[in-house]
Amino acid sequence: MPVYSHSRLSVYETCPRQYRFQYLDRLEVPEVDTVERFLGSRVHEALETLYLNVRFGRVPSLDNLLEFFRSAWRENWHDGVLVQQPDLTADDYRRAGERQLDVYYRRYAPFDRDHTLAVERLLRFPLDPDGGIWFQGYLDRLSRTADGLWEIRDYKTGQYLPSQAMLDEDRQLGLYQLGVRHLWPTAREIELIWHFLAHDLELRSRRSPEALEALRQETLARIRAIERDETYPTRVGTHCQTCPYQAVCPAWRHLKARDAPSAAEAVGWVDRLGELKAQRKAALAELDAEIEALQQRIAGYAIAEGLEAVFGAAYCARVRSAERPRYPRKGDPGREELEALLRRHGLWEEVAALDLRALPDRVRSGVWPPEVVDAVLPFESREETVTVRISRRPDL
Ligand code: SF4
């Protein structure tokens, strides 16, 4: 029976094929470690050690905590850890971790505002009433205040700060709340707390029973959709850079193997196709520019000579000029005002779907109320348009 987790669902949402490699095929590949993940692991270890000691009434000094962090950093660091930000070094990340622990320690010492019930605790619980789908996750810390409030705490070491609205919808801690309620049914008052260590910020959220039930149903629906998937398509993106399955992924495998004799011929085809497409694009752009310049010349000549048609040896160019109503285009003065006016009258979607060029017809169609037409007409101006149509000479 598969057990789902927040990270398992996230992997599917990022790339279904990676999900298949990791959870269904269970391919064994060396992990790709990023410095952000490395920093997160070291800070979490330090906080775990801190609270394990606090539970026994021993509060380590700040120096001891930082020394624990530094030595864990040294012992675990390896050359495979990816530092992707070109202007940052591993030392920058280490110092950032030290700073986060320092600020956290000074803010919460002597760590007696709540009672720690568990650290890095595995929660495993059935998500559906039949017990056919189980969920699991490790919560960073579970605490309880003197007045009986249970707190599910999550420590974030990244710079990204989600909005309160996003936290109120957060799936991971919402599911953890379901787990805590399953394991400890007497926990009635529960709060979700995120510590954004890089910003020295603590953000909170609460879930109503209805919101929790909706989350449970949404998660079950998502899991059932994953189980119905038969193709597990690739989803290429920047996340591929840290995907450990590139060497077996059909979207990337050829890149890794293109020096092999069996793959070398295709390398030439691809490069040649790329060159031809680029040449065609450039040639088309050149032709378009020449066509535009000739049209302008013919139109100018026809207007100056009072002609409607100009003849070549084999072709004929018919030149028409007309005055048409015009409304402000994107970037023109008055465009935003016109859009706002149409939106106020609930007509913007109608016009946008047709294209703004359809607006003159709409204004004159008699469908819109007269007061709307009166409000829109001041935006109208007249513009002279000249068209040049080319065809074979009809007299030949
Ligand atoms: S390399 Fe990219 S497309 Fe391929 S499995 Fe990994 S994430 Fe998906």
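Whatever order the structure lists them in is the order used to number ligands and atoms, beginning at 1.
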Spell out, as yes or no, whether a donor-acceptor pair under 3.5 Å connects the side chain of [X] to the backbone of [Y].
X: Arg17; Y: Tyr232; value: yes
X: Arg235; Y: Pro16; value: no
X: Gln100; Y: Thr157; value: yes

message = Using a 4.0 Å cut-off to any heavy atom of Gln246, which atoms of ligand 1 qualify?
response = 1 (S)
query = Linking Ile, Leu, Val, Met, Phe, Trp and Tyr by side-chain heavy atoms under 4.5 Å, what else ends up with Val248?
reply = Phe21, Leu27, Val29, Tyr245
key: Residue that, paired with Thr89, satisfies side chain to side chain donor-acceptor pair (under 3.5 Å) out of Asp91, Asp87, Asp92   = Asp92
SB check Arg141 Glu151 (cutoff 4.0 Å) = no
ask   = Which N, O or S atoms belonging to the protein are less than 2.8 Å from atom 8 (Fe) of ligand 1?
value = Cys15 SG
ask   = Out of Tyr232, Trp252, Tyr19, whose heavy atom is nearest to atom 1 (S) of ligand 1?
value = Trp252
ask   = Does atom CD of Glu290 have more than 12 heavy-atom neighbours from other groups under 6.0 Å away?
value = no
